[in-house]
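Position 1 is the first residue of the sequence; numbering continues from there.
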Amino acid sequence: MVPQISPQDLERWRNPDWRIRLAAWWEGYDLSRLPRVSHRSDLRNLAERRHAGPVDAVGTVIRPVAASDPASPDPASSDPAAGGNPELDRLALMQLDRHGEPVWSPARSEGAQLLWGRDMTGPEEAAWMVDSVRSFGLNPAKSVLDLSAGLGGTARALVESCDTWVTGLEPSPLLAKLAMDRSKALGLSKKAPIAHYDPEHFNQAGSFDLVMADRIVHRLRDKELFLDRVGDCVKPKGGIALFDYVIDGTPGSWDAWNGWREEEPMEVYPWTATRMADELTQRNLDLRISEDLTQLHRRHIIDRVRRLADTLANAVPPPAPVLAALKRELALWWARLRVLGSGLRFVRYVAMKPA
């Protein structure tokens, strides 16, 4: 028996919306070849249509739009992200990638949150990060320095979960501003302040019971100086928790390896896992944990991408700049997935400073 297809399913197949096209692009499919028709009578004219034009990154056909077409408004005139905030735009331009484009823009911060969740800029959820440092016994008498604050999601989660004090530092001026605004809005400007810093010239005053950083060290040229400064601002009997990418032998594919390095907004300089461990111990730190989390990291990424379809299904269509930034974010993480476990590892290092 031939399975019956409902008219709604048939229409959805013929005319996939932007959510389906975005998911298909991630899986490597080109939906531009599907006949985009709504009625059976339209099929007669399908052969008379022009051949599809060039295809963009999501798989939609790029066609010229007449200036008088009222059904095709200018995206820049209808979405809030395109309108821009002069202060946020200025901050975005303070950190440029290798191609002269902002590493983080307001649109990318919104796209990243669609992918990773509210106030997050990476695959490790705030609750998971809190659990990963719970062994340090954080409490109201202790303090934390987060050197990869992002939008402040982890810092505020630590405050709410452990009632501790967190100072967040973020390499992106834009993300630091957005994160601090969020902390202020939640009444956490004193317990979870976020500020901008330059990791290449890190020299934090004060001392902390825990210093943590997620995917920072592999981006730095002068890693030795950075680790020196990290060790200086840890209290005796305090700890360090680093999550970072390290080299694991020879890449399985040099094309994938070079593709990853090219996709990264900034140059990357990963050490080997052994070099990272040795550098920590040379600073009179007691290395307690060196744990390979590569497969878990991959799972976190893939799970969030799969959940993206549900997130988008329940969201109003994002503005064009946000969708473009989301495509860029997905391309970056796809490049990372291709080398994770095949030349690159994601490792957690936990070290304690002697009394």
Side-chain angles (χ1 to χ4, degrees), residues 116 119-171 179 191-192 194 197 199 202 204 206-220 223-246 270-271 273-297 300 345-355:
W116 307 122
D119 294 342
M120 301 306 294
T121 57
E124 274 64 53
E125 296 181 351
W128 184 88
M129 295 295 288
V130 170
D131 287 341
S132 70
V133 297
R134 202 172 290 279
S135 61
F136 289 95
L138 300 176
N139 57 48
K142 293 189 175 182
S143 60
V144 179
L145 177 63
D146 182 359
L147 296 173
S148 50
L151 288 167
T154 296
R156 289 187 290 272
L158 284 168
V159 171
E160 294 168 2
S161 177
C162 307
D163 193 24
T164 193
W165 298 81
V166 183
T167 297
L169 297 180
E170 165 55 40
K191 297 205 73 170
I194 314 293
Y197 83 119
F202 172 57
Q204 175 68 21
S207 56
F208 302 83
D209 297 284
L210 170 63
V211 178
M212 56 191 297
D214 179 21
R215 293 174 289 117
I216 290 290
V217 178
H218 77 284
R219 308 180 200 173
L220 304 179
K223 298 174 178 58
E224 293 90 345
L225 177 62
F226 179 82
L227 292 179
D228 286 342
R229 296 290 185 260
V230 168
D232 291 343
C233 65
V234 178
K235 293 179 180 179
K237 297 186 179 181
I240 297 171
L242 301 179
F243 304 81
D244 225 298
Y245 294 136
V246 294
W271 274 343
T274 302
R275 173 76 183 276
M276 180 76 87
D278 289 346
E279 292 287 345
L280 290 171
T281 55
Q282 287 173 14
R283 285 161 176 78
N284 196 30
L285 297 169
D286 180 11
L287 183 61
R288 301 283 182 88
I289 297 174
S290 176
E291 181 181 13
D292 186 350
L293 299 177
T294 305
Q295 294 309 312
L296 179 62
H297 187 54
H300 285 165
R345 290 164 54 196
F346 182 67
V347 178
R348 174 171 74 122
Y349 296 91
V350 175
M352 303 299 294
K353 188 172 184 177

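- Considering all non-hydrogen atoms of both residues, Pro171 and Pro199 come closest at CG-CG, 3.7 Å.
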Walk me through it: do Phe243 and Ser148 pass the test side chain to side chain contact (heavy atoms under 4.5 Å, CB included)? CA-CA 10 Å; Phe243 304 81; Ser148 50; over 6 Å; no
Go through the steps to decide whether Glu224 and Glu279 satisfy the test side chain to side chain contact (heavy atoms under 4.5 Å, CB included), and finish with yes or no. CA-CA 8 Å; Glu224 293 90 345; Glu279 292 287 345; 4.0 Å; yes
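- The existence of a salt bridge linking Asp131 and Arg134 is confirmed by a sub-4.0 Å separation between a basic side-chain nitrogen and an acidic carboxylate oxygen.
- Here the straight-line distance linking atom CG of Asp278 with atom CZ of Arg275 works out to 8.5 Å at 0.5 Å rounding.
- To the nearest 0.5 Å, atoms OG1 (Thr167) and CG (Asp146) are separated by 9.5 Å.
- Ala126 approaches Ala157 most closely through the heavy-atom pair CB-CB, 3.7 Å.
- Judged by distance alone, with hydrogens and angles left aside, the side-chain atoms of Arg156 form a donor-acceptor pair with the main-chain N or O of Leu151 at under 3.5 Å.
- Atoms CG and CE, from Leu227 and Met276 in turn, are 6.5 Å apart once rounded to the nearest 0.5 Å.
- In this structure, the side chain of Thr164 does not engage the main chain of Val159 through any donor-acceptor pair within 3.5 Å.
- Closest of all the heavy-atom pairs between Ala355 and Pro236 is CA-CB, 3.9 Å.
- Side-chain contact between His297 and Glu124: present, with at least one pair of heavy atoms (C-beta onward) separated by less than 4.5 Å.
- Residues meeting the side chain to side chain donor-acceptor pair (under 3.5 Å) test with Arg345, sequence neighbours left out: Asp292.
- Considering all non-hydrogen atoms of both residues, Ala179 and Gly152 come closest at CB-N, 3.8 Å.
- You'll find the side chain of Val133 stays beyond 4.5 Å of the side chain of Val144, heavy atoms only.
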Val350 and Phe136: CA distance, side-chain angles, deciding distance, side chain to side chain contact (heavy atoms under 4.5 Å, CB included) verdict: CA-CA 10 Å; Val350 175; Phe136 289 95; 3.6 Å; yes
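- The one candidate from Arg219, His218, Arg348 that meets the side chain to side chain donor-acceptor pair (under 3.5 Å) condition with Asp244 is His218.
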Side-chain donor/acceptor pairs under 3.5 Å, residues 207-217, sequence neighbours excluded:
{"residue": "Asp209", "atom": "OD2", "partner": "Ser143", "partner atom": "N", "Å": "2.9"}
{"residue": "Asp209", "atom": "OD2", "partner": "Lys235", "partner atom": "NZ", "Å": "3.4"}

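- Between the side chain of Trp165 and the main chain of Ala141, no donor-acceptor pair closer than 3.5 Å is present.
- Residue Ser290 comes nearest to Tyr349 through the heavy atom pair OG-CE2, 3.5 Å, listed as atom of the first residue, atom of the second, then distance.
- Atoms CG and NZ, on Leu158 and Lys142 in that order, are 13.0 Å from each other to the nearest 0.5 Å.
- When all heavy atoms of Gly150 and Thr121 are compared, the closest pair comes out as CA-OG1, 4.1 Å.
- Using cut-offs of 30° and 60° for the angle between ring planes, the Phe226 and Phe202 rings count as tilted.
- Separating the CD1 atom in Ile240 from the NZ atom in Lys353 is a distance of 8.0 Å, to the nearest 0.5 Å.
- Here CD of Glu170 is found 10.5 Å from CG of Leu147. Values are rounded to the nearest 0.5 Å.
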Under the side chain to side chain contact (heavy atoms under 4.5 Å, CB included) rule, what do Asp163 and Lys191 come out as? Steps first, then yes or no, please. CA-CA 9 Å; Asp163 193 24; Lys191 297 205 73 170; 2.6 Å; yes
